[in-house]
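To start, the structure itself, in structure tokens.
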Amino acid sequence: MAKQKTPLPPGSNFIRGIIERDLAANKYAEKKWMGRPGDAAHHQAGQVDVAKIRTRFPPEPNGYLHIGHAKSIFLNFGIAKDYDGICHLRFDDTNPEKESQEYVDSITEMVKWLGFDWEGNGANGEESNLYFASDYFDDMYHAAELLIEHDYAYVDSQTADEMRENRGTLTESGKDSPFRTRTVEENLTLFREMRDGKHADGSHILRAKINMASPNFNLRDPAIYRIRRAHHHNTGDKWCIYPMYTFAHPIEDALERVTHSLCTLEFEDQKPFYDWLMKKLVETGMLEQPVPKQYEFARLNLTYVVLSKRKLIQLVEENHVDGWDDPRLPTLAGARRRGYTPAGFKLFTDRIGVSKADSWIEYVIFEDCMREVLNQDAVRRIAVLDPIKLVIDNYEDGKSEDCFAPNHPLKPELEKRTVQLSKELWIEREDFMEEPAPKYFRLFPGNKVRLRYGYIIECTSCEKDADGNVTVVHCNYLPDTKSGTDGANSVKVKGNIHWVSANHAYEAEVRLYDRLFKDPHPGSGDKDFIDDLNPGSVKTITAQLEAGLQDVNAGEIFQFERHGYFVADSVESKAGKPIFNRTVTLRDNWQK
RNA sequence: UGGGGAGUCGCCAAGUUGGUUAAGGCACAUGGUUUUGAUCCAUGCAUGCGAAGGUUCGAAUCCUUCCUCCUCAGCCA
């Protein structure tokens, strides 16, 4: 095993710093938890929460998870784990028009794949911490009525256009709605009528009553409840009014007794409203201290990768890739199929850190994290990806003999396997040069190399076709130099090439994946990001593989020695006939 | 030109109640080991913390001014 790298100490990012300070100040010593989400009265009947820290990963089920979400997942679940807290998986499903069960299922599956769960980790060891914002619609409705009763909210009957016009601009304050002065009774009646389906979609809207002159738009009487007759994947047709994110999210956090609500930078401007709402709902008695606090971190940007939902949809819908789980896509479904692993994602998120600075992570860092974990985990096998024939002229016709190859050079306990050597082998085309480049130390006429796990051979000549392409390479072997024998070190060579016996090889389809985009910032400047697609992002080849590889299971990952890491494709492989996807190459300091 | 954020080595990122020579990782360079030109190991890599002034015995950390970038005007999240 390789030496462990020193992990980042806890507290090494600003969020952990905040949590440690909060913990040190005993901020959550008396926070109560009733076993499931609810308002202050509900939790007051419960026990002191065993989870001092509660975080949440709150995806909207309207799309597929991608690498950027992985950062948030590891952040939220990781922090909860490190501070003996609990992280909730909560679907933020307040917009029925865009959400569906299909997305709920795929998101659930990918979070589990990354290694997290939310079952059986509560105070009594039994509760589930899988939640849906839509399960809180009654509480949200109640909260809205409370705001109305305290004159902190009103029903506006302006059109959407009028509202926009009266919102003001960056430098001019907004104008009060003519409906802003409705009485509490009138607002309550109207809001109840909205709920009861007595008004058309868009005819009225509930707004928080704050300050139309605020320099922060989120405080210019934000909309909090809209009328929308739409079928909800969870609540069906029970509601025709739905809360807005702005209003719903803080309440979701509070009902779940979340302590640290982590989100990305674009929500920073929303925080004053988040705090305003908390304050008002504590004032009305619906909530109690300690209320959740929102903290923002920078979202992930990766060079050569596109993470915006709009762009990903376009790639799929215009068939630039083959579905949402195309191994070239940064979706988690695609990443899994590509052979990237949860351990690799963990390393990656640890390595890139968390801060508030906008940043672009170099793609090589991501790749390198995958290499690092795969180097430890992946069993070695041999594959010739671009085969040419090698004939050992002085080797007996028809003979074959056992050679012994370690399954994992870093883990001798995994022992060795037997591979067959014979007179005709497949070797890599690039391992032979009739006229060697400077410093080239593989096969060329007159040079000696080792056939990995076999004999030392000396290259004698080659055959070429009419176009001058090399078709066969000839060599002689040195009989006393077999690996593992006393004579193995009698001849020193620098080159060491891999091979498979032509009679024993298994021919298979292999897909060589490369980055999807050729520009580090796809679509930068005034370019269309589609024009930055890498035309060579996948190359399908027929390779000669070591015998035995035809029997592996879909999803199994190997290192093909001297090439890289490959996974048996989980979608298109057939029993006894796997297709391999290249996850990532090995580093190569030679081809630079 | 309003509000809210951010600027520390090529890329990330600690450090920011002022106190010795500015962590660490990735990348890179050079050696060494090696039957993967892989891995691994060793060494090197910011007199400098967006800029300029100022306070101080002492400043990345405090003050002032300025510069650059991100973000906000959905009945999306």
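Predicted model only: the values in this text are computed from it and were never measured.
Which of rA77(B), rG74(B), rC12(B) sits closest to the side chain of I352(A) comes down to rC12(B). With rU36(B), rC72(B), rA13(B) as the choices, the nucleotide that has an atom nearest any side-chain atom of L586(A) turns out to be rU36(B). Side-chain proximity of D368(A) to the nucleotides rC26(B), rA77(B), rA6(B) is greatest for rC26(B). Taking the side chain of S355(A) as heavy atoms from C-beta on, and the options rA77(B), rG2(B), rA13(B), the nearest nucleotide is rA13(B). In the set rG3(B), rG4(B), rA77(B), rA77(B) carries the atom at the smallest distance from any side-chain atom of F267(A). Nearest to the side chain of P215(A), among rG2(B), rC76(B), rC11(B), sits rG2(B). Residue D358(A) places its side chain closer to rG5(B) than to any other of rC75(B), rG5(B), rA14(B). The side chain of E99(A) has rA77(B) as its nearest neighbour among rG37(B), rA77(B), rC75(B). In the set rG10(B), rA77(B), rU36(B), the nucleotide with an atom closest to the side chain of Y245(A) is rA77(B). When distances run from any side-chain atom of F217(A) to the nucleotides rC11(B), rG2(B), rA38(B), the shortest one goes to rG2(B).
A side-chain contact (heavy atoms from CB on, under 4.5 Å) with C475(A) is found for exactly one of I427(A), L425(A), L390(A), namely L390(A). Of the candidates R207(A), R182(A), H204(A), D156(A) forms a side-chain hydrogen bond (donor to acceptor under 3.5 Å, both in side chains) with just one, namely R207(A). For the salt bridge (charged side-chain N to carboxylate O under 4.0 Å, His left out) test with E367(A), the passing option among R582(A), R351(A), R515(A) is R515(A); the others fail.
One can place CD1 of I227(A) at 14 Å from P of rC75(B), the figure rounded to the nearest angstrom. Atom pair L302(A):CG and rC11(B):P shows a separation of 15 Å (rounding to whole Å applied). If you measure from atom CG of L347(A) to atom P of rC12(B), you get 19 Å, rounded to the nearest angstrom. Straight-line distance from the CD1 atom of I427(A) to the P atom of rU36(B): 18 Å, rounded to whole Å. To the nearest angstrom, P of rA38(B) lies 15 Å from NE2 of H563(A). Distance H498(A) NE2 to rU34(B) C1': 18 Å, rounded to the nearest Å. In this entry the distance linking NZ of K356(A) with P of rC12(B) reads 18 Å, nearest Å. Distance, F14(A) CZ to rA6(B) P: 9 Å, rounded to whole Å.
Residue G454(A) is out of contact with every strand shown, counting any heavy-atom pair closer than 4.0 Å. Within 4.0 Å of D92(A), counting heavy atoms only, lie sugar-phosphate atoms of the nucleic acid but no base atom. Residue-level contact check: E362(A) touches the bases, meaning some heavy atom is under 4.0 Å from a base atom. Note on M163(A): a base of the nucleic acid sits closer than 4.0 angstrom, heavy atoms only. As judged by a 4.0 angstrom heavy-atom cut-off over every strand, R220(A) is placed among residues making no nucleic acid contact. Across all strands, F297(A) comes closer than 4.0 Å to no nucleic acid atom at all (heavy-atom distances). Among the protein residues, P272(A) comes within range of no part of the nucleic acid, since none of its heavy atoms lies under 4.0 Å from any strand. Within 4.0 Å (heavy atoms only), N496(A) reaches at least one base atom of the nucleic acid. Among the atoms of the strands shown, base atoms are found under 4.0 Å from some heavy atom of K439(A). In this structure, Q158(A) reaches the bases: a heavy-atom distance under 4.0 Å links it to at least one base atom across the strands shown. Across all strands, Y453(A) comes closer than 4.0 Å to base atoms (heavy-atom distances). In this structure, E97(A) reaches neither bases nor backbone, as no heavy-atom distance under 4.0 Å exists between it and the strands shown. Looking at heavy-atom distances under 4.0 Å, A160(A) makes contact with a base. Here R371(A) lies out of heavy-atom contact (under 4.0 Å) with every strand.
Using a cut-off of 4.0 Å between Lys/Arg side-chain N and Asp/Glu carboxylate O, R442(A) and E428(A) are scored as not salt-bridged. In this structure, R180(A) pairs ionically with D221(A), as a charged nitrogen and a carboxylate oxygen lie closer than 4.0 Å. Under a 4.0 Å N-O distance rule, the pair E165(A)/K175(A) does not qualify as a salt bridge.
When both distances must be under 3.5 Å, the Watson-Crick or G-U wobble mate of rU36(B) does not exist. With a cut-off of 3.5 Å on both pairing distances, the Watson-Crick or G-U wobble partner of rG2(B) is rC72(B). Nucleotide rU61(B) forms a pair with no other nucleotide shown, judged by Watson-Crick or G-U wobble geometry with both contacts under 3.5 Å. In a base pair of the Watson-Crick type (N1 to N3 plus N6-O4 or O6-N4) or a G-U wobble (N1-O2 and O6-N3), with each distance short of 3.5 Å, rU55(B) is matched with no nucleotide. When both pairing distances are held under 3.5 Å, rG44(B) makes a Watson-Crick or G-U pair with rC28(B).
Comparing rC69(B) with rA51(B), their C1' atoms sit 15 Å apart, to the nearest whole Å. Spacing of C1' atoms, rC49(B) relative to rA6(B), comes out at 15 Å, to the nearest Å.
Residue whose closest nucleotide on RNA chain B sits further toward the 5' end, between I365(A) and T485(A): I365(A). Comparing A357(A) and Y565(A) along RNA chain B, the residue whose closest nucleotide (by nearest heavy atom) sits nearer the 5' end is A357(A).
When atom types are taken as modelled, the side chain of H232(A) and the backbone of D93(A) share a donor-acceptor pair closer than 3.5 angstrom. Y225(A) places a side-chain N or O within 3.5 Å of a backbone atom of Y141(A) that can act as its donor or acceptor partner. A side-chain donor-acceptor contact under 3.5 Å links T349(A) to the backbone of K346(A). Although no hydrogens or angles enter the test, the distance criterion places a donor-acceptor pair under 3.5 Å between the side chain of N218(A) and the main chain of D269(A).
Listed pair R226(A) / rA77(B) meets the phosphate criterion, a side-chain N or O lying under 4.0 Å from OP1 or OP2. Considering only side-chain N and O atoms, R228(A) lies under 4.0 angstrom from the phosphate OP1 or OP2 of rC76(B). Between R167(A) and the phosphate of rC75(B), there is a side-chain N or O to OP1/OP2 separation shorter than 4.0 Å. Applying the 4.0 Å criterion to OP1 and OP2 of rC11(B), one finds that T303(A) has every side-chain N and O outside that range. Checking the phosphate oxygens (OP1, OP2) of rA38(B), a side-chain nitrogen or oxygen of N589(A) falls inside 4.0 Å.
A donor and an acceptor atom never sit less than 3.5 Å apart when one is taken from the side chain of R351(A) and the other from the base of rC12(B). For D269(A) against rG3(B), a side-chain-to-base donor-acceptor contact under 3.5 Å is present. Scanning atom types as modelled, one donor and one acceptor separated by under 3.5 angstrom connect the side chain of R442(A) and the base of rG37(B).
The side-chain ring of W590(A) is stacked on the base of rG37(B), judged by centre separation under 5.5 angstrom and plane angle under 30 degrees.
rG74(B) has its base syn relative to the sugar, with a glycosidic angle deviating from 0 by at most 90°.
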